[in-house]
Protein chains: 2
Amino acid sequence: MLSNASKYAIRSVLFLAENSSKNKKYGAKIIAEELEIPLHFIAKLLQQLARVNVISSSKGPHGGFYTAKKNLQNNVCAILDEIESGNVFEPCFMGLPQCGDENPCPVHHIVAPFKDALLEKFKHQSISEFSREIKEDGSLLSLKGID
Amino acid sequence: MLSNASKYAIRSVLFLAENSSKNKKYGAKIIAEELEIPLHFIAKLLQQLARVNVISSSKGPHGGFYTAKKNLQNNVCAILDEIESGNVFEPCFMGLPQCGDENPCPVHHIVAPFKDALLEKFKHQSISEFSREIKEDGSLLSLKGID
DNA sequence: CTTATAAAAGATATTTTAGTCTTTTATATA
DNA sequence: TATATAAAAGACTAAAATATCTTTTATAAG
Ligand code: SF4
Ligand code: SF4
């Protein structure tokens, strides 16, 4: 459903939301290592996200990527809008373009509530809220230390 | 989450389950038109499915694909096992390979119940049951007549 | 037996996604 | 001002998914 690009992007942004600040920046290299994703791939994605102010960046020594307060007001959809081309949840599960509650495919009553819940979360929960939830729940972002 | 190949395959099998029988066969061409999917692509998939007895086929004039009684005892997972390479639901949503109930990613509590429900359905509901449900619910398989 | 039909098989092409490599630009600090 | 650092930009390669085309094989029916 989500491309690798999106998944990498979401994890990176949440990582920065949890760990970074204006004076604690992370280079693409460290992020790539920490989340175990390809360096040059994530570098590009981070640049894209910086361009649309989902995250911030600064060049040069001690530079890197970070999330400022105002960045954290964005929601996860802002990430997907930039990375993914087109609407993520429209070309749905069973691949029927013209369907929905009126014309349900065989798994609609399973898929629909899930889609709604996820979309609600991605649309209306800010990245900072998401991040706080991760801290509280002990949700997983990095893969370090797990095998 | 599912590839086009899987989605086409599922829809085709369910189409045959609803419409075909030993003496009412459907050629790849008709199926492709009916479900609005690429002819040569679905032809290959149908051949694969016939090889593992998820559906039946016969060559020559008045030949085509159909579902015999015993074919319908299969479940949807049998389709996925043949078409998709590897486990469909393991490389999950957020792309964390080592996670789950103990190490949940930020959306695990949304995704997990959905995954479970869908997997349950795909594993334990036979194609004939699936098909009956479609008839009763008026679920959608074909795209003909919708725009 | 011949012919038309349709699946089976498999080669090839296209598109999308994923991943890598190199060069340029900005900047902090020594 | 020179240097090292790290993002920005963009060209390039690789792999997978998707789709098309051609040839072969089986068979029902005339
Ligand atoms: S689950 Fe619902 S929205 Fe998705 S393809 Fe089926 S009918 Fe359409
Ligand atoms: S934690 Fe749950 S939802 Fe998240 S990737 Fe793993 S299985 Fe999927």
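- OP1 or OP2 of dA7(C) has not a single side-chain nitrogen or oxygen of R51(B) nearer than 4.0 Å.
- Atom CZ in F41(A) sits about 5 Å away from atom P in dG19(C), given to the nearest Å.
- Of the candidate nucleotides dA7(C), dA28(D), dG19(C), dG19(C) has the atom lying nearest to any side-chain atom of N4(A).
- Put simply, Y8(A) has no side-chain N or O that comes within less than 4.0 Å of OP1 or OP2 on dA18(C).
- Among the atoms of the strands shown, only primed sugar atoms or phosphate atoms (P, OP1, OP2) are found under 4.0 Å from some heavy atom of A28(A).
- Judged by atom type and distance alone, K44(A) does not reach the base of dG19(C) through any side-chain donor-acceptor pair under 3.5 Å.
- The aromatic rings of F114(A) and F114(B) lie parallel to each other, with less than 30° between the two planes, well short of the 60° mark.
- Note on S58(A): every side-chain N or O is 4.0 Å or more away from OP1 and OP2 of dA26(C).
- Between the side chain of Q47(B) and the base of dA7(C), no donor-acceptor pair under 3.5 Å is found.
- The nearest heavy atom of DNA chain C to L39(A) and to Y26(B) marks one nucleotide each, and the one closer to the 5' end goes with Y26(B).
- Rounded to a whole Å, the CD1 atom of I42(B) is 17 Å from the C1' atom of dA9(C).
- Using cut-offs of 30° and 60° for the angle between ring planes, the F122(A) and F130(A) rings count as tilted.
- The pair E33(B)-K29(B) fails the salt-bridge criterion, with no side-chain N (NZ, NE, NH1 or NH2) lying under 4.0 Å from an Asp/Glu carboxylate O.
- Taking every side-chain heavy atom of K59(A) into account, dA26(C) is the closest of dA28(D), dA26(C), dA7(C).
- K22(A) places a side-chain heavy atom less than 4.5 Å from the side chain of Y66(A).
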